[in-house]
Amino acid sequence: MHGVAATSLWVAASRALESERPDALFHDPFARRLAGDEGFVIEEARRKANLARGGHPPSLEIRTRFLDDRIAAALERGPLQCVLFAAGMDARAYRLPWPPGTRLFELDQPSVLAYKEEKLAGVAPTCDRRALAIDLRDDFTAALEAGGFDRHAPAIFLVEGLLLYLHEPEVRTLFSRLDALAAPG
């Protein structure tokens with residue numbers, strides 16, 4: 001993988017390293033497999049660059065825990081739909097305890113989703129996972145609804161680590177589409 005898609009590999013490597021700490025903020029047993037050797041090469045280069053600039057706070061690790069906690073709080077109200085935009089190597093469909101009836105939609109580029117499928121072959125998700133190959137700059141709403149998304153049912157939308165790769169008009173369009181999809185509340 002290259003470009004923006006390669007970002008998902010170093011994110012997985014970061015999640016793997018955090019998961020292996022004795023006082024880890026979260027545990028992702030699939031992160032190392034998803035990162036592959038390439039992810040750890042990218043992660044090491046990123047860490048060296050950050051050290052040269054005086055270090056970097058563990059923002060990715062904190063963000064992952066924060067979002068996991070928000071999902072858990074929403075799930076206390078029962079099953080729902082969860083949409084992961086630019087899902088990359090996110091393993092929430094496999095590692096979180098989803099209640100029966102929960103649908104999780106992963107939207108990303110076809111090559112990213114194919115890579116993920118290959119790396120997690122034989123592993124069953126803990127929810128009804130639906131991978132939708134689409135470029136998020138395109139109108140994803142029709143694909144999402146064709147994949148079984150119900151705009152009248154409760155949903156969580158995770159737009160994690162994506163916005164910095166989009167131009168302002170694309171961000172506005174993305175959130176306009178999300179607003180149209182979101183059920184009240």
Side-chain angles (χ1 to χ4, degrees), residues 1 4-21 23-36 39-40 42-43 58-134 136 140 143-144 147-150 153-165 174 178 181-183:
M1 270 192 266
V4 174
T7 300
S8 68
L9 299 179
W10 74 255
V11 168
S14 293
R15 287 183 173 150
L17 294 171
E18 176 63 25
S19 296
E20 294 164 1
R21 290 172 10 106
D23 60 346
L25 293 173
F26 59 87
H27 294 281
D28 185 342
F30 307 104
R32 184 166 284 280
R33 181 188 315 191
L34 288 167
F40 285 97
I42 298 167
E43 169 61 11
S59 57
L60 173 77
E61 297 82 356
I62 292 168
R63 180 180 78 193
T64 299
R65 174 59 187 268
F66 176 81
L67 292 173
D68 284 358
D69 289 348
R70 299 290 68 80
I71 291 169
L75 291 175
E76 290 176 3
R77 295 187 299 262
L80 48 77
Q81 304 172 103
C82 183
V83 182
L84 304 181
F85 291 88
M89 298 302 114
D90 187 292
R92 287 183 174 101
Y94 300 88
R95 68 178 180 82
L96 293 183
W98 302 96
T102 299
R103 278 175 286 170
L104 185 137
F105 300 88
E106 292 186 354
L107 282 64
D108 213 320
Q109 301 168 22
S111 62
V112 173
L113 292 174
Y115 176 91
K116 186 180 201 173
E117 293 289 332
E118 176 187 318
K119 290 292 186 175
L120 294 178
V123 179
T126 59
C127 61
D128 177 3
R129 176 183 174 263
R130 300 175 185 199
L132 303 175
I134 190 163
L136 292 173
F140 55 83
L144 196 53
F149 181 83
D150 178 358
I156 295 175
F157 299 96
L158 260 63
V159 185
E160 181 180 10
L162 169 64
L163 300 182
L164 68 144
Y165 296 104
L174 174 75
L178 286 180
L181 283 170

Sequence neighbours excluded, the answer for side-chain hydrogen bond (donor to acceptor under 3.5 Å, both in side chains) partners of D150 is none
Residues passing the side-chain hydrogen bond (donor to acceptor under 3.5 Å, both in side chains) test with E106, sequence neighbours excluded, are K116, R129
By the salt bridge (Lys or Arg N to Asp or Glu O under 4.0 Å) test, which pairs, at least two apart or in different chains, include something from residues 71-88? none
Determine all donor-acceptor pairs shorter than 3.5 Å in which one atom belongs to a side chain in residues 96-105; sequence neighbours excluded.
unit_1: W98; atom_1: NE1; unit_2: R92; atom_2: O; d: 2.8
unit_1: T102; atom_1: OG1; unit_2: P99; atom_2: O; d: 2.9
unit_1: R103; atom_1: NH1; unit_2: G148; atom_2: O; d: 2.5

Set of residues satisfying ring pair (Phe, Tyr, Trp, His ring centres under 6.0 Å) with respect to F26, sequence neighbours excluded: none
If I take atom CD from residue E43 and atom OG from residue S14, how far apart are they, to the nearest 0.5 angstrom? 3.0 Å
Got a sec, which residues hit salt bridge (Lys or Arg N to Asp or Glu O under 4.0 Å) with R130, two or more places apart in sequence or on another chain? D128
Could you tell me if the side chain of E160 sits less than 4.5 Å from the side chain of L67, heavy atoms only? yes
Under a 3.5 Å distance rule, please check whether S8 uses its side chain to pair with a backbone N or O of G88 as donor and acceptor. no
Partner residues of R70 under the side-chain hydrogen bond (donor to acceptor under 3.5 Å, both in side chains) criterion, sequence neighbours left out: none
Between A183 and A153 the two heavy atoms that sit nearest each other are CB-O, 3.5 Å
Rounded to the nearest 0.5 Å, how far does CG of L80 lie from CD1 of I71? 9.0 Å
Sequence neighbours left out, what passes side-chain hydrogen bond (donor to acceptor under 3.5 Å, both in side chains) with R21? Give chain and number order. E18, D23
What distance separates D108 CG from L132 CG, expressed to the nearest 0.5 Å? 10.5 Å
Residues forming a side-chain contact (heavy atoms from CB on, under 4.5 Å) with A16, sequence neighbours excluded: E20, A31, R32, F40
Once rounded to the nearest 0.5 Å, what's the spacing between atom CG of D28 and atom CG of D90? 7.5 Å
Where G39 and A13 come nearest, the two heavy atoms and their spacing: O-CB, 3.5 Å
Does a side chain donor of either T126 or R95 reach within less than 3.5 Å of an acceptor in the other side chain? no
On the 0 to 90° scale, with breaks at 30° and 60°, tag the F85-F140 ring pair as parallel, tilted or perpendicular. perpendicular
Please enumerate all residues that pass side-chain contact (heavy atoms from CB on, under 4.5 Å) together with A133, with sequence neighbours excluded. P110, L113
Sub-3.5 Å donor-acceptor pair from the side chain of Y115 to the main-chain atoms of L34, do we have one? yes
Here the pair of heavy atoms bringing L9 nearest to A35 is O-CB, 3.5 Å
